[in-house]
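Sequential numbering from 1 along the given sequence is applied to the chain's residues.
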Amino acid sequence: MAVAAAAAAAKAPEVLRECGCKGIRTCLICERQRVSDPPWQLPPGKTHHFIYFPDTGWAVGAQESDFEGWAFPFPGVMLIEDFVTREEEAEMVRLMDCDPWKLSQSGRRKQDYGPKVNFRKQKLKTAGFQGLPSFSQEVVRRMALYPGLEGFRPVEQCNLDYCPERGSAIDPHLDDAWLWGERLVSLNLLSSTVLSMCREAPGSLLLFSAPSAALEAWEDSVIAPSRSILCQEVEVAIPFPRRSLLVLTGAARHQWKHAIHRRHIKARRVCATFRELSAEFCPGGRQQDLGHELLQIALSFQGRPV
């Protein structure tokens with residue numbers, strides 16, 4: 001039964017006839033209706049590719065690249081593999097699919113469980129917000145058992161549905177820091193992908209000669225930097241396995257933009273992202289009362305998509 005349920009949940013949804021793209025955003029559906037080349041077909045910029053290794057916390061130059069054998073520390077990333085079981089994954093997606101998915105940009109579909117927010121005006125409304133979905137209660141409880149996620153109390157959950165038939169992707173972006181707090185937590189379901197990190201700030205990264213041995217070698221054998229590279233020319237690929245949990249904090253949260261490229265969506269992928277409150281809405285903050293109200297609603301786990 002569990003295997004059959006997993007197979008049914010993993011089946012790609014029917015390709016939509018319409019899309020939710022606006023402005024420069026495009027997907028395969030609207031690109032077929034346009035005459036000019038979409039942004040996705042423009043020549044890529046000169047980017048140097050590095051790969052993040054969770055065992056070391058370093059980003060290492062891709063093989064056969066100009067920076068193969070060189071690396072730099074990439075703090076603020078925590079990856080927890082096999083956070084949920086296959087059976088839990090299948091049941092979560094089954095329950096998500098019981099509710100409607102709304103069209104979103106760049107070939108995505110979404111379900112929001114959270115307050116309605118105007119980030120530009122820094123205003124929000126609780127009307128219609130009934131909390132996180134019931135099937136996330138065990139997931140949230142389990143998160144708090146891991147070092148680095150103590151006290152994590154999400155006030156918002158956003159489910160995103162990616163599909164290769166729609167050309168799903170999400171552009172490089174930083175999540176809001178007025179309402180959302182330090183830790184961004186994402187649960188990856190149905191298929192593996194890659195989270196791509198880039199940084200637009202000026203400046204350089206110092207590169208070190210990267211040992212190729214075990215973790216202990218990184219701690220004992222890293223030598224003084226002898227190369228540097230412009231931040232704006234670097235992209236770091238973070239492998240994001242199926243059923244794993246990814247946490248972004250610090251520089252990875254506030255300085256490096258994150259994206260999912262179209263080429264990294266090979267099959268249907270569902271991602272549930274959980275966000276906590278910023279200090280302004282926590283005890284002692286200017287809007288602590290509103291924050292308390294939001295948390296009470298969120299952690300009732302009685303929500304439906306808003």
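Put simply, the side chain of L245 does not reach to within 4.5 Å of the side chain of S186, judged on heavy atoms. A 4.5 Å side-chain heavy-atom check between L79 and P241 finds at least one atom pair inside the cut-off. L205 has its side chain out of reach of W70: every pair of non-hydrogen atoms, C-beta onward, lies at least 4.5 Å apart. V247 has its side chain out of reach of L184: every pair of non-hydrogen atoms, C-beta onward, lies at least 4.5 Å apart. Contact annotation: the side chain of F129 never approaches that of L124 to less than 4.5 Å [non-hydrogen atoms, C-beta and beyond]. Looking at heavy atoms from C-beta onward, Y113 lies in side-chain contact with P305 at the 4.5 angstrom threshold. Residues V234 and V236 have side chains in contact (heavy-atom distance under 4.5 Å, counting atoms from C-beta outward). You'll find the side chain of L248 reaches within 4.5 Å of the side chain of V77, heavy atoms only.
Listed for the H261 side chain is no donor-acceptor partner under 3.5 Å among the backbone atoms of A169. Without hydrogens or angle criteria, Q232 side chain to E200 main chain gives a donor-acceptor distance under 3.5 Å. Between the side chain of E89 and the main chain of L190, a donor-acceptor pair closer than 3.5 Å is present. At least one donor-acceptor pair closer than 3.5 Å links the side chain of Q288 to the backbone N or O of G284. Proximity of a side-chain donor or acceptor of S278 to a complementary backbone N or O of G181 within less than 3.5 Å is not detected. Judged purely by atom type and a 3.5 angstrom limit, N188 uses its side chain to pair as donor or acceptor with the backbone of S191. A distance-only check finds a donor-acceptor pair linking the side chain of T193 to the backbone of H264 [under 3.5 Å]. A donor-acceptor contact shorter than 3.5 Å links the side chain of S300 to the backbone of Q130. A donor-acceptor pair under 3.5 Å links the side-chain atoms of Q105 to the main chain of K22, judged by distance alone. Of the possible donor and acceptor atoms, one in the side chain of K102 sits under 3.5 Å from a partner among the backbone N and O of V306.
Checked against ring pair (Phe, Tyr, Trp, His ring centres under 6.0 Å), F72 has the following partners two or more places apart in sequence or in another chain: F50. Partners of R286 by side-chain contact (heavy atoms from CB on, under 4.5 Å), not counting sequence neighbours, listed by chain and number: E280. Listed by chain and number, the residues in a side-chain contact (heavy atoms from CB on, under 4.5 Å) with A237 are V194 (sequence neighbours excluded). Take K121 and apply the side-chain contact (heavy atoms from CB on, under 4.5 Å) test, not counting sequence neighbours, and it matches N118, K123.
The ring of F83 has its center closer than 6.0 angstrom to the ring center of Y146. Two rings, from W58 and F208, have their centers less than 6.0 Å apart. In this structure, F274 has its ring center at least 6.0 angstrom away from the ring center of W180.
Transitive grouping of hydrophobic side chains (ILVMFWY, heavy atoms separated by less than 4.5 Å) keeps V117 and L174 in distinct clusters. Following chains of ILVMFWY side-chain contacts shorter than 4.5 Å, one cannot reach L206 starting from L230, and the two form parts of different hydrophobic clusters.
The list of side-chain hydrogen bond (donor to acceptor under 3.5 Å, both in side chains) pairs with a residue in residues 149-160, not counting sequence neighbours, reads Q111-N159, S136-Q157, E156-R275, Q157-N159. For residues 287-305, the set of pairs meeting the salt bridge (charged side-chain N to carboxylate O under 4.0 Å, His left out) definition, not counting sequence neighbours, comprises D99-R304.
Across all their heavy atoms, V155 and A298 have their closest contact at CA-CB, 3.7 Å. Listed here is the closest heavy atom pair of P154 and L295: O-CD2, 4.2 Å. Considering every non-hydrogen atom in both L28 and G167, the closest pair reads CD1-N, 3.5 Å. Among all heavy-atom pairs drawn from H48 and I229, the shortest one is CD2-CD1, 3.4 Å. Closest of all the heavy-atom pairs between C163 and S168 is N-OG, 2.9 Å.
Taking the charged nitrogens against the carboxylate oxygens, R253 and E182 have no contact shorter than 4.0 Å, which rules out a salt bridge. A salt bridge is absent between D161 and R108; no separation between the charged side-chain nitrogens and carboxylate oxygens falls under 4.0 Å. One finds a salt bridge joining R141 and E138 here, because a Lys/Arg side-chain nitrogen approaches an Asp/Glu carboxylate oxygen to under 4.0 Å. Under the 4.0 Å criterion applied to side-chain N and carboxylate O atoms, E31 and R25 are not assigned as salt-bridge partners. With respect to R243 and E88, no salt bridge is recorded, no charged nitrogen being found less than 4.0 Å from a carboxylate O.
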Please determine whether side-chain contact (heavy atoms from CB on, under 4.5 Å) holds for the pair C27 and S106, giving the CA-CA distance in whole Å, both sets of side-chain angles, and the decisive distance to 0.1 Å.
CA-CA 5 Å; C27 67; S106 303; 5.6 Å; no
Go through it in stages, so that I can follow the logic: the residues are L95 and D97, the test is side-chain contact (heavy atoms from CB on, under 4.5 Å), and I'd like the CA-CA distance, side-chain angles, deciding distance and then a yes or no.
CA-CA 5 Å; L95 292 171; D97 285 341; over 6 Å; no
Should V270 and W101 be marked as a side-chain contact (heavy atoms from CB on, under 4.5 Å) after you check the CA-CA gap, both sets of side-chain angles, and the distance that decides it?
CA-CA 11 Å; V270 171; W101 290 89; 4.1 Å; yes
With side-chain contact (heavy atoms from CB on, under 4.5 Å) as the test, would you mind laying out the steps for D176 and W178 before giving the verdict?
CA-CA 6 Å; D176 172 78; W178 163 69; 3.6 Å; yes
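Between the CG atom in L149 and the CZ atom in R183 there is a gap of 6.0 Å [rounded to 0.5 Å]. Here the straight-line distance linking atom SG of C198 with atom CD of Q255 works out to 13.0 Å at 0.5 Å rounding. We find the CD-OG1 distance between Q296 and T126 to be 11.5 Å, quoted to the nearest 0.5 Å. Going from atom CG of D171 over to atom CD1 of I260 covers 11.5 Å, rounded to the nearest 0.5 Å. Interatomic distance, CD1 of I170 versus NZ of K257, reported as 12.0 Å (0.5 Å rounding). To the nearest 0.5 angstrom, S244 atom OG is 9.0 Å from I80 atom CD1.
A cation-pi arrangement is present between R269 and Y162, with the terminal nitrogen or guanidinium carbon under 6.0 Å from the aromatic centre and inside a 45° cone about the axis.
Judged by distance alone, the side chains of Q287 and H292 never bring a donor and an acceptor atom under 3.5 Å apart.
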